[in-house]
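Each ligand, and each atom within it, is numbered from 1 in the order the structure gives. Along the sequence shown, the residues carry numbers beginning at 1.
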Amino acid sequence: MYSVNAIATSAEPPQWVLTLSCIDGPGIVHAISGAVVAAGGNIEESQQFASRDTGRFFMRLQVGAVAPGGPEAPAPFEERFARALAPVTERYRMTWRLDTVGRPVRTLLLASTATHCVNDLLYRQRNGQVRIDVPLILSNHTTARDIADFYGVPFEHRAISGAEDKAAFEARVLDVVEEQRIELVVLARYMQILSPGLCEALAGRAINIHHSFLPGFKGANPYRQAHARGVKLIGATAHFVTTDLDEGPIIEQDVVRVDHSYSPAELMQLGQDEEARTLRRAVTWFAENRILLDGDRTIIFR
Ligand SMILES: Nc1nc2c(c(=O)[nH]1)N[C@@H](CN(C=O)c1ccc(C(=O)N[C@@H](CCC(=O)O)C(=O)O)cc1)CN2
């Protein structure tokens, strides 16, 4: 299975990022770098990992084009590279993806009442730190509308007060994903549990920010649980969304020290920065093709 996304995005010479996985074995790196050279490319960044758990090999390459191609009319680098890769990907039965470095990822934000993660992502998108395009914010509350208006991002409110509303909301998510060619759905403190059907449809392309250091304190009120438990560290966890609540493969986590003097409200206040920072990193790594899945675990090439 492979895909090629190649839209040039800036004046700098274009770079490509190749991510791949396959059953581990000898000669993979040699074969891949040979394909880069054959296509007239230069490896500018390379990371790899062989998983003893699953016996699979994972690799991320960032490649620049050096040679314009052969004597005949030069084909674009991504075509030359895909052609050179074909025998290698077939021989090793690879799952691979070729993308352009810096290409903004089409991202749908889902929100509820909390706005700090939406605000942070739109601010970072605006200043070019997070390479995403956000065609829509979809929310079951109206709280984030002002922030969406400030950043000029379309906002759609659909209230949820029962199962029918929830099903309609989820149907709208799927419509938007198709209509807007969405590559990533971000649950930016979206507080409704997604159905198994939607989780399956969005498998590997929906990221949630959970407001605790998982696996501790699952559910909707982790700060209250943390306060009651008297923890000395609180945190946040960005993970892929699966049917099992707060159980999806973890992408990034962060913590901050607290003590007995913090009320639940103060823990929530303090935790907002951790949540925003943790989600920002996870979305950035997704946009830069730095996340690969090894079963229920992630490999992060950062
Ligand atoms: N299928 C999944 N859906 C969602 C996940 C997930 O991991 N898998 N994460 C949540 C986010 N979340 C914690 O991070 C969370 C959100 C909401 C709830 C919850 O109990 N919600 C209640 C309604 C609460 C409300 O309306 O405020 C419910 O849905 O009945 C627990 C955890 C997002 N979705």
Side-chain angles (χ1 to χ4, degrees), residues 107-118 120-121 137-144 157-174 176-177 182 184-229 231 233-256 264-265 267-283 286 291 293 295-298:
T107 302
L108 169 64
L109 299 185
L110 301 184
S112 289
T113 52
T115 59
H116 53 285
C117 289
V118 169
D120 184 84
L121 283 175
I137 298 170
L138 186 56
S139 178
N140 64 321
H141 291 276
T142 58
T143 331
H157 168 233
R158 287 175 175 252
I160 297 178
S161 58
E164 271 186 35
D165 292 343
K166 196 166 183 172
F169 191 101
E170 294 201 352
R172 179 61 180 147
V173 170
L174 289 173
V176 172
V177 166
I182 295 294
L184 175 64
V185 176
V186 174
L187 284 62
R189 286 296 306 274
Y190 176 67
M191 295 307 289
Q192 292 291 313
I193 298 172
L194 303 190
S195 68
L198 187 56
C199 290
E200 193 176 329
L202 298 178
R205 53 182 180 149
I207 294 175
N208 176 59
I209 183 66
H210 181 71
H211 36 319
S212 86
F213 188 71
L214 289 173
F217 312 132
K218 296 177 183 155
N221 301 300
Y223 291 117
R224 205 180 299 284
Q225 297 173 61
H227 181 265
R229 187 72 182 81
V231 296
L233 290 170
I234 58 166
T237 303
H239 62 91
F240 284 113
V241 176
T242 58
T243 301
D244 307 321
L245 189 61
D246 303 330
E247 291 278 349
I250 292 172
I251 301 168
E252 175 63 332
Q253 296 185 286
D254 204 346
V255 293
V256 62
L267 292 176
M268 195 184 295
Q269 188 73 27
L270 182 65
Q272 289 189 349
D273 290 348
E274 306 319 304
E275 293 165 36
R277 187 172 27 242
T278 304
L279 182 60
R280 180 199 320 151
R281 285 194 199 129
V283 172
F286 185 96
I291 307 172
L293 272 171
D296 296 331
R297 293 160 27 99
T298 63

Nearest heavy atoms of His210 and Gly219, plus distance in Å: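 The answer is CE1-O, 3.2 Å.
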
Closest heavy-atom contact between Ala282 and Ile207?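 Here Ala282 and Ile207 meet closest at O-CD1, 4.1 Å.
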
Hey, what's the ring geometry for Phe286 with Phe240, parallel, tilted or perpendicular (30° and 60° as the breaks)?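 Plane angle over 60°, so perpendicular.
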
Can you check whether Lys166's main-chain N or O pairs, donor with acceptor, with Gln192's side chain at less than 3.5 Å?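 Between the backbone of Lys166 and the side chain of Gln192 there is no qualifying donor-acceptor contact (under 3.5 Å).
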
Determine yes or no for a side-chain-to-main-chain donor-acceptor pair under 3.5 angstrom, with Thr237 supplying the side chain and Ser212 the backbone.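 Yes, because the side chain of Thr237 sits within donor-acceptor range (under 3.5 Å) of the backbone of Ser212.
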
In order of chain and number, which residues sit within 4.0 Å of ligand 1 by heavy atom?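 Lining ligand 1: Lys166, Leu187, Tyr190, Met191, Gln192, Ile193, Leu194, Cys199, Asn208, Ile209, His210, Gly219, Ala220, His239, Val241, Thr242, Thr243, Leu245, Asp246.
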
Qualifying residue for side-chain contact (heavy atoms from CB on, under 4.5 Å) with Leu121, from Thr107, Ile137, Leu279: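 One option only clears the test, and that one is Leu279.
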
